[in-house]
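Down below is the structure, laid out as structure tokens.
These numbers come from a predicted model, not from an experiment.
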Amino acid sequence: AIDDKDRLFVSDATLHRITCFNADGSFVSAFGEDDLKRPAGMAVDNDLRRLYVTDVEGSRLAVFDLDTLKLIRYFLAQKPSKEEPSGILATPTNVAISPDGLIYVVDTIINRVELFDTEGNYLGGFGEQGNTPGKFARPKGIAIDSDGHVYVADDEFNNIQVFTPDGHVLMAMGSFGV
């Protein structure tokens, strides 16, 4: 992830940390060793001065201050249950921020995209396991364009699906190949 100062943030699952580099590639800092179990995807909110980091093994989304690089808080450090299968992060692998500041987290094991506000309140989500457009087998990547369309990459289907901000599927593209 890159912030408005052109600093590059790189997650390191093995060392359980985030490393920050300046635009020229020089080392700035490493942080999160005590806060993260297995960091993965990241997103920057320059307006709120936050770095969101998915913690796959910790089953949570970590929120760091962009200026101090200190942990602010976690979003939903819980496992899903039969009583509450959605809104709880099991294996969050990636995160994206919409143009209106909402936080979309893709969860690979429960085959969903979960939506939160900037305070960590659960706003809803979409997706379930299946093999038709709008369903997932192993979603991993997520991005949001300037119109709010949500792009989800699925590792098992080898495709990208495009959704409206509220989760209605618009199209699927890609397939198995060499």
Side-chain angles (χ1 to χ4, degrees), residues 1-79 88-120 125 127 136 138-146 148-162 174:
I2 298 174
D3 71 2
D4 58 358
K5 296 178 182 176
D6 289 331
R7 294 182 301 173
L8 173 66
F9 295 89
V10 179
S11 64
D12 188 323
T14 302
L15 295 177
H16 316 285
R17 69 181 189 188
I18 307 300
T19 305
C20 178
F21 300 94
N22 279 320
D24 64 4
S26 61
F27 175 82
V28 174
S29 179
F31 60 96
E33 299 94 339
D34 297 328
D35 306 310
L36 300 166
K37 293 183 178 182
R38 189 170 138 214
M42 296 177 290
V44 170
D45 185 329
N46 288 306
D47 294 336
L48 293 179
R49 307 299 304 151
R50 292 181 178 172
L51 173 68
Y52 296 95
V53 181
T54 58
D55 188 354
V56 178
E57 193 174 315
S59 300
R60 58 194 173 192
L61 182 68
V63 184
F64 289 90
D65 183 287
L66 264 181
D67 298 315
T68 65
L69 306 180
K70 302 288 184 198
L71 179 72
I72 296 172
R73 63 179 293 203
Y74 298 110
F75 287 3
L76 297 175
Q78 304 175 45
K79 297 275 187 189
I88 297 176
L89 301 174
T91 52
T93 52
N94 224 314
V95 58
I97 301 171
S98 69
D100 56 358
L102 299 178
I103 302 160
Y104 288 74
V105 180
V106 83
D107 196 301
T108 300
I109 295 298
I110 59 174
N111 294 297
R112 283 184 58 84
V113 173
E114 305 291 11
L115 178 62
F116 301 91
D117 68 13
T118 58
E119 296 306 312
F136 303 117
R138 197 169 169 81
K140 285 200 172 177
I142 189 165
I144 302 172
D145 69 18
S146 59
H149 297 112
V150 181
Y151 297 75
V152 179
D154 195 297
D155 183 46
E156 186 72 21
F157 290 148
N158 294 300
N159 75 359
I160 295 174
Q161 296 185 63
V162 184

- [ ] Return the set of residues passing side chain to side chain contact (heavy atoms under 4.5 Å, CB included) with A13 (not counting sequence neighbours), or none when no residue passes.
- [x] R38
- [ ] Would you mind reporting whether N22 and R7 have side-chain heavy atoms less than 4.5 Å apart?
- [x] yes
- [ ] Go through the structure and list residues passing side-chain hydrogen bond (donor to acceptor under 3.5 Å, both in side chains) with D34, not counting sequence neighbours.
- [x] none
TODO: Would you please say whether a donor-acceptor pair under 3.5 Å links the side chains of T108 and T93?
DONE: yes
Open item on the list: Applying the side-chain contact (heavy atoms from CB on, under 4.5 Å) criterion to R50, which one of D3, V44, V63 satisfies it?
Closed with: V63
Open item on the list: Could you check whether any side-chain N or O of T91 sits under 3.5 Å from a backbone N or O of I109, counting only pairs where one atom can act as donor and the other as acceptor?
Closed with: yes
Task: With Y52 via ring pair (Phe, Tyr, Trp, His ring centres under 6.0 Å) - residues at least two apart - done: none
Open item on the list: Check this for me: does any side-chain nitrogen of one of D12 and R17 sit under 4.0 Å from a carboxylate oxygen of the other?
Closed with: no
Task: R60 and D55 ion-paired at < 4.0 Å - done: yes
Open item on the list: Could you tell me if the side chain of L89 sits less than 4.5 Å from the side chain of F116, heavy atoms only?
Closed with: yes
TODO: State which residues pass side-chain hydrogen bond (donor to acceptor under 3.5 Å, both in side chains) with D47; sequence neighbours excluded, sorted by chain then number.
DONE: none
Task: Non-hydrogen side-chain atoms of V95 and I142 separated by less than 4.5 Å - done: no
Open item on the list: Return the CG to OG distance between D107 and S59, rounded to the nearest 0.5 Å.
Closed with: 8.0 Å
Task: side-chain contact (heavy atoms from CB on, under 4.5 Å) partner of I18, chosen from L69, D35, L36 - done: L36
Open item on the list: Restricting to non-hydrogen atoms, name the atom on I110 and the atom on A90 that form the minimum distance, rounded to 0.1 Å.
Closed with: CG2-CB, 4.1 Å
- [ ] Could you pull out the closest heavy-atom pair between V53 and A40, with the gap in Å?
- [x] CG1-N, 4.4 Å
TODO: With sequence neighbours left out, write down each residue that passes ring pair (Phe, Tyr, Trp, His ring centres under 6.0 Å) with F64, or none if nothing qualifies.
DONE: F31
Task: Heavy-atom closest pair, residues V105 and P92 - done: CG1-CB, 3.6 Å
Task: Salt bridge flag under 4.0 Å for residues R49 and D4 - done: yes
Open item on the list: If we count only N and O atoms by modelled type, under 3.5 Å, do the side chains of N94 and T54 hold a donor and an acceptor together?
Closed with: no
Would you tabulate the side-chain donor-acceptor contacts of residues 155-162 under 3.5 Å, counting partners in other chains and residues two or more places apart, or write 'none'?
from: D155; atom 1: OD2; to: R138; atom 2: NE; distance (Å): 3.3
from: Q161; atom 1: OE1; to: G134; atom 2: N; distance (Å): 2.5
from: Q161; atom 1: NE2; to: K135; atom 2: O; distance (Å): 2.8

